[in-house]
Amino acid sequence: MIRMTEPSKITTQTVPDHQPAAGGIAARARASVGPKYLSGLNPEQREAVETLDGPVLVLAGAGTGKTRVLTTRIAHILSQGRARPAEILSVTFTNKAAREMKHRLGQMLGHAVEGMPWLGTFHSIGGRILRAHAELAQLKSNFTVLDTDDQVRLLKQLLQADNIDDKRWPARMLAGLIDGWKNRGLTPSQVPAGEAAIFANGKGGKLYASYQERLKILNAADFGDLLLEDIRIFREHPDILRQYQQRFKFILVDEYQDTNVAQYLWLRLLSQAPSSSSSLPGLTRPSINSSQDGSPGLDASRRPGDDEQDHATPVAAGEKPHVKNICCVGDDDQSIYGWRGAEVDNILRFDHDFPGAKVIRLERNYRSTGHILAAASHLIAHNEGRLGKTLRTEDQDGEKVTVTGSWDSEEEARGIGEEIEQIQRKGEKLNEVAILVRASYQMREFEDRFVTLGLPYRVIGGPRFYERAEIRDALAYLRVINSPADDLAFERIVNVPKRGLGDATVQMLHDHARKRRIPLFEAARAVIETDELKPKARGSLRDVVTQFDRWRAQREVTAHTDLAQIVLDESGYTEMWQKDRSADAAGRLENLKELVRSMEEFENLQGFLEHISLVMDRDSGADEDAVSLMTLHSAKGLEFDNVFLPGWEEGLFPSQRTLDEQGRAGLEEERRLGHVGLTRARRRAMIYFATNRRIHGTWSTTIPSRFLDELPAANVEITESKGGSAWGGTGGYGASRFDDMEAFGSTYSTPGWQRAQANRNRGGGRNGGGGSGGFEEEAATFSSSSPGPDFGSFSPRRRGPLTIEGELVAKSTGTTSDFSLSDRVFHQKFGYGHVTKIDGNKLTIHFDKAGEKKVVDSFVQRA
DNA sequence: CCCAAGCTCTCGAGA
DNA sequence: AGAGCTTGGG
């Protein structure tokens, strides 16, 4: 496996502050007389903007001006006359990022940027290309984009048709598998046999194939197809590929560390210089991480007739595909989307994939104070698979990062609430306060608290607008109008509002449709001419068909917003919610109005539907002064003066599930998430953890996150939680504390807790963990790291030199418990029992009545 | 065909 | 704890 840089090179390669960027005379000459958009850039940024030719990788650490570089680069290309707006392909991951870039470009160029038609998310641009060549994917250009929900419902139908027990083999799981395959660029015939077999006794691959067939019949594509079908079209039709290669003179990619294999392949195809040669290099990805079986994923050519397989041979070593001007910007330390197929390897091996690539590091941080940056850097230094950057700041040290322990998550929310009120009293804006949680279920407690306090807040990236039932219903009506073959949409609304068309009727329509190979809607039209249905159902169905025919006719002469309103009213859908007396009915009606309003931004119904499924976020009242509440994931790219980071506990953060599924790679991704969280803060970062947390409705005792131990003592301050902490100071939760804990229940030994415990013990035994005891500052040293990163290895032990010193270490009060095996003990809640296992100050006790429990020794007394 | 009660399952991040 | 789904009775 190839590593890009030796650690030793990293520091020396950094461009010194005062010298002009490499690039020599030309760059210097431009530097003095350069256009004004270049002024204010530091030398590295400037180099990233001005190196227009050939592949460029910009390693942009948090807060180093990444977006600025990207937008300035586009401005530079345009003003140098190197390309017209329509010749620049610029891809981002989120709509937010795309909007932000458009906005900043507009500001920079002064005049309106009418062009830049190819600035957008991977999915929107992929979808656009697919629509242009839909017929090559057996689709019509008005195809529907299915979201996860539709996908699962469709798969459920397929499972039923195949008589597969969807209890044992959930549709969700299959959806996840298919998603994963698509992320890796695999069509049904390319899925390795072993993987296809793991679902439903070997039917996985076949189901994937029939799912794809169904999609074509429904005139639909899922998110993965938006890229995968492009790739297939490019491969099968070199002339089309060449057309795009010629069009795009420059390619820019944001957040490159988040790209998955499919996105990588897509980019790679587009980034080849146009060539008429039949041997297209780079059609496949060279083996990713030297997997032992030697199957690089794409060479599974089991099915005859897939002639594109012929190209699927790895690029020969030394072969240099001609690559044009592609600039990828990313930060390996912010790669947090491994779970959806992102390959950190894409960025780690950039110069291998794009030979001759210039790598530019942006390490000057303009965002955070010294202490925050030091803490974040120190934390991330524990990762092995890094390219290695050292973030620097010229800002002052500022306040130390605080770590606060609370008894439980309610106290945590209370403490943070009070802290925020203090910030407010100091006259700071709530807009500059954010709470970043690991899992969305953590949000509720804060919302409750803020409602009580009357503190304005907004949830960012919460349940998405178009995922709401009423929006999906309304969209389904519009989808049926737009695409009569959209059976999923038809099925969704055929009996909404209630029309007496239940499962029996729908089933009958299905049979009919399948027999004649026609869409459900057409089946309905046929069936109402027969007397197969009871008169009542028949009448209802006739009404539905007639209504849709009328709406489709109206579509020609009515503005699409008016049409939507008409459809909602005439179908009785609006009325349905007006009659509904539940609390949220009013809100739903409001949402429907909002939906109709939002349609105004689009030319017509078709354009609206094309976009709606790709637009995830709705900007909600950003002008109001309010605290922001969001997940760590959705915080990427944002910054705030004050950042609260609650829930730093084993099992929650790092997430047990990630650890279980991804081993050490997962742990490193979680650590990067912590790094992202800390680097969101400009002036104050405040970490919290609770000793007790409610998970799945029951209280569990948790132990502080290992990441706390990995913070540098010199930059961190331990504080007391407001309202009394069970942690620190008093030396552990005493029995008196426990007396108050009504809710402390039976779940001390949840599987998650046990796993966390097991992992912790396996992970080097540096400390006994435990919620009890105080932090002690201590110059801790542990050894780490073999010379090269070692992906794919799950070895929990680190080897080699690299020492990290000066860390906080949580020390358990009693690493030696007073109890010994089979001691008879008494517990206030569980009664009498005897000790079966001792682990530091944690005891496993078999209680006479309550069974086996894990308990901290201070909770029990000798019987 | 509809509704209500009971049941199970989830509770990691997104386009 | 809560949602979503299945089941049984009207």
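Throughout, protein chains are lettered first and strands after them, A, B, ... in sequence-line order, and every chain is numbered starting at 1. Computation of the quantities below employed the complete heavy-atom set of this structure, encompassing side-chain atoms and omitting hydrogens, waters and symmetry-equivalent molecules. Quantities reported herein were computed from a predicted structural model and do not represent experimental measurements.
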Task: Outermost nucleotides of DNA chain C that come under 4.0 Å of a non-hydrogen atom of chain A - done: dA1(C) to dG2(C)
- [ ] Using heavy atoms to find the nearest nucleotide of DNA chain B for His123(A) and Lys498(A) separately, return the residue whose nucleotide is more 5′.
- [x] Lys498(A)
TODO: Would you please classify the geometry between the Trp339(A) ring and the His633(A) ring as parallel, tilted or perpendicular, with 30° and 60° separating the classes?
DONE: perpendicular
- [ ] Ignoring backbone atoms, establish whether Asn95(A) has a side-chain N or O less than 4.0 Å from OP1 or OP2 of dG14(B).
- [x] no
Open item on the list: Under 4.0 Å from OP1 or OP2 of dA13(B): is there any side-chain N or O of Ser655(A) that close?
Closed with: no
Residues in salt bridge (charged side-chain N to carboxylate O under 4.0 Å, His left out) contact with [X], at least two apart in sequence or another chain:
X	answer
Asp149(A)	Arg472(A)
Asp333(A)	Arg386(A), Lys389(A)
Arg538(A)	none
Lys636(A)	Glu255(A), Asp258(A)

Open item on the list: If you take any heavy atom closer than 4.0 Å to DNA chain B, which residues from residues 627-636 of chain A end up in contact?
Closed with: Thr631(A), His633(A)
- [ ] Mind listing the residues from residues 149-158 of chain A sitting with a heavy atom below 4.0 Å of DNA chain B? Number order is fine.
- [x] none
Residues two or more places apart in sequence or in another chain: which of them pass side-chain hydrogen bond (donor to acceptor under 3.5 Å, both in side chains) with [X]?
X	answer
Glu575(A)	Lys579(A)
Glu447(A)	Tyr457(A)
Arg153(A)	Asp150(A)

Could you pull out the protein-nucleic contacts involving nucleotides 7-11 of chain B (nitrogen or oxygen on both sides, under 3.5 Å)?
{"residue": "dC11(B)", "atom": "N1", "partner": "His696(A)", "partner atom": "ND1", "Å": "3.2"}
{"residue": "dC11(B)", "atom": "N3", "partner": "His696(A)", "partner atom": "ND1", "Å": "3.1"}
{"residue": "dC11(B)", "atom": "N4", "partner": "His696(A)", "partner atom": "ND1", "Å": "3.2"}

Open item on the list: Between Lys66(A) and Asp331(A), does any NZ, NE, NH1 or NH2 come within less than 4.0 Å of an OD or OE carboxylate oxygen?
Closed with: no
Task: Paired and unpaired positions of DNA chain B as dot-bracket, Watson-Crick or G-U wobble under 3.5 Å, | denoting a partner strand - done: ||||||||||.....
